Amino acid sequence: MATETRGRHPDTRNGCFPVVDPATGEPFDEAPDRQPDDLDSVVDRAHTAWPGWRADPAARTTALLAAADAVEAAGPGLATLLTREQGKPLAESHAEVARTAARLRHFAAPDIPTLPITDGRPVRSELRWRPIGPVAAIVPWNFPLQLASAKFAPALAAGNTVVLKPSPYTPLATLLLASVVSAALPEDVLTVVTGREPLGARLASHPGIRHVTFTGSAPTGRAVARGAAASLARVTLELGGNDAAVLLDDVDVEKIADRLFWAAFRNCGQVCMAVKRVYAPARIHSLVVEALAHRAKTVVVGPGLDPASRLGPLNNAAQLTRVEHCTARALADGARAAAGGRRLDGPGYFFAPTILTGVPADSPVVTEEQFGPVLPVLPYDSVDEAVEAANGTRFGLGGSVWGTDADRAVAVAGRLECGTAWVNHHAELSLAQPFAGIKDSGVGVAGGPWGLYGNLRPFVVHRPQEA
């Protein structure tokens, strides 16, 4: 049985809950089911560990670099366990582990300067930056390790301690990651608590938490914000996306088809910033549908531990049901499946890669985030029409424009209402750049120095000007 990590010490006093392999639909292990009342002692220990951790930036750098080395050394075991509980192909799990180690290195030695403030008064003022205290990091099941490190690496580098809660669908790899990372850290600097709701809600509203950073759905994000408001904790919310890809009339369909397909279907479409809608000029719409449908029909779908698999299962039964209902609704409304359109026979949570055409513009598969291997392709007559449609949902995470004339594509991309717009690619991020959404896609910023400063507060020191 997997054990919970509290610093370096396992704690299994409470009951456990099953963890399911999405490739089989059957439980294969258990994780500790911590209760909300347990959080008081966890957060108290994080507070106790905080003064020592924040006091020595050089020691933090050494510890985070050692943690990155340890993650790389543990990579094979982490990747295998991640695939077992999340479902993604093993190669993608290895990439996620590598990204986790890279993020620890990226933030290990942050540049946080003290800045003079000059305003003409006879006072010398300095702006300094201080850590804010224990941080609650609440992480979903689609990229559990990568998103965990996106939260705890900058928070720890800034001098905060972290209490991390993974999804109950993917707790095991996070527990293993925490045990690996915590071996390089002082005790209780990073704590992982696993369990089912209302554990996450209680953590978000705990009065000892000073910053809540959450990735998940917009409805849950609103609940997290309400909970954090009780103690006036800072919130960073990375919420849903319904990213549009706008293809221009000069696009080379065959040249971009592979990139476009994988921008939509990587991790079985379970990516907040995946392409979830394609808008194609009416005169080439059928070519786009044909190119994407060919790839959907020929891609190898299977268990993530099978080296031949390029797409794995959906992560959990509830998400499979959501994707089934969303697709069935579109088909009932008159859409046609150019590929897929159904759950695959056999065990596990497998859904055929699906390309939809003839989809009504107000169908939920267009207006909402389906978060699965289903992609509607919609025709348009003018670029203005396409941009209006792309901007016409309550989400605003990312978007992309595809065409041969890059300058024209950049101009169209500048009209998209989202946090990040790409040209001729999609969903590619640097560790140095900010990542944020607008509208229902989030509050606050992750990534780069902007994400780091989200874990700090300004502190100003005034002194009289010397004669």
Side-chain angles (χ1 to χ4, degrees), residues 216-219 221-222 237-249 251 256 260 263-265 269-286 288-289 292 322-323 325-336 338 354-403 408-427 435-443:
S217 70
R222 289 188 179 93
L237 307 175
E238 181 194 337
L239 307 179
N242 189 3
D243 291 13
V246 177
L247 278 54
L248 301 180
D249 55 10
V251 72
I256 62 100
L260 182 59
F265 286 90
Q270 299 167 125
V271 182
C272 60
M273 56 180 170
V275 170
K276 297 186 176 75
R277 300 171 284 152
V278 173
Y279 294 94
R283 70 175 183 83
I284 62 169
H285 176 263
S286 61
V288 175
V289 170
L292 294 174
R322 173 180 170 80
V323 171
H325 287 172
C326 189
T327 304
R329 167 73 181 273
L331 295 173
D333 288 344
R336 179 180 67 86
T354 298
I355 304 296
L356 296 176
T357 185
V359 186
D362 60 352
S363 176
V365 79
V366 176
T367 61
E368 300 296 328
E369 182 183 32
Q370 67 271 36
F371 217 65
V374 179
L375 183 65
V377 184
L378 299 100
Y380 71 84
D381 293 319
S382 71
V383 172
D384 287 347
E385 175 192 338
V387 170
E388 182 179 3
N391 293 337
T393 78
R394 58 193 177 89
F395 296 99
L397 193 58
S400 56
V401 180
W402 306 68
R408 180 184 176 218
V410 167
V412 175
R415 299 171 60 188
L416 298 180
E417 296 175 355
C418 56
T420 306
W422 295 270
V423 170
N424 289 329
H425 65 148
H426 196 104
F435 181 60
I438 63 172
K439 298 190 282 189
D440 278 12
S441 286
V443 174

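Values in this document were obtained by computation on a predicted structure and should not be read as measured data.
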- Measure the spacing between OG1 of T367 and CZ of R277 and express it to the nearest 0.5 Å. 9.0 Å
- Task: Can you measure from CD (E369) to CZ (R322) and round to the nearest 0.5 angstrom?
- Result: 7.0 Å
- Query: So how far is it from E388 CD to Y380 OH, rounded to the nearest 0.5 Å?
  - Reply: 14.0 Å
- Aromatic ring pairing W422/H426, orientation class (parallel under 30°, perpendicular over 60°, tilted between): tilted
- For E417, the salt bridge (charged side-chain N to carboxylate O under 4.0 Å, His left out) test, sequence neighbours excluded, returns K439
- Message: Minimum heavy-atom separation for A264 and A274, please, with both atom names.
- Response: O-CB, 4.0 Å
- Query: Under 3.5 Å, is there a donor-acceptor pair between the side chain of N424 and the main chain of G403?
  - Reply: yes
- Can you name the residues that form a side-chain hydrogen bond (donor to acceptor under 3.5 Å, both in side chains) with Q370, not counting sequence neighbours? none
- Note on the structure: Closest heavy-atom pair, C418 versus G399, reported as atoms and distance to 0.1 Å, is SG-N, 3.8 Å
- Between G221 and L237, what is the shortest heavy-atom contact and its length? O-CD1, 3.7 Å
- Item | Residue that, paired with L375, satisfies side-chain contact (heavy atoms from CB on, under 4.5 Å) out of V359, I355, L356 | I355
- Item | Side-chain donor or acceptor of K276 paired with backbone N/O of G372 under 3.5 Å | no
- Hey, is CD on E385 packed in by over 12 heavy atoms from elsewhere, all under 6.0 Å? yes
- Message: Closer than 3.5 angstrom, by distance alone: can the side chain of S400 be matched with the main-chain N or O of V423 as a donor-acceptor pair?
- Response: no
- Task: Indicate yes or no for a side-chain donor-acceptor contact from R283 to the backbone of D249 under 3.5 Å, with no hydrogens or angles considered.
- Result: yes
- Item | For W402 against A245, the heavy-atom pair lying closest together | NE1-CB, 3.6 Å
- Task: For residues V278 and V377, determine if any side-chain heavy atom of one lies less than 4.5 Å from a side-chain heavy atom of the other.
- Result: yes
- Query: Can you tell if the side chain of L260 reaches within under 4.5 Å of the side chain of L292, non-hydrogen atoms only?
  - Reply: yes
- Query: Tell me, do L248 and P281 make a side-chain contact under 4.5 Å, heavy atoms counted?
  - Reply: no
- Message: Could you report the tightest heavy-atom contact between R329 and P364, atom names first, then the distance?
- Response: NH1-CG, 3.7 Å
- For residues L397 and D243, determine if any side-chain heavy atom of one lies less than 4.5 Å from a side-chain heavy atom of the other. yes
- Task: Check whether any side-chain N or O of N242 sits under 3.5 Å from a backbone N or O of E368 as a donor-acceptor pair, and report yes or no.
- Result: yes
- Query: How about L247 and H285: do any of their side-chain heavy atoms sit closer than 4.5 Å?
  - Reply: no
- Note on the structure: Heavy-atom closest pair (L416 atom, A421 atom, distance to 0.1 Å) is CD1-CB, 4.5 Å
- Query: Are the side chains of F395 and T393 in touch, meaning some heavy atoms are under 4.5 Å apart?
  - Reply: yes
- Task: Indicate yes or no for a side-chain donor-acceptor contact from T354 to the backbone of V374 under 3.5 Å, with no hydrogens or angles considered.
- Result: no
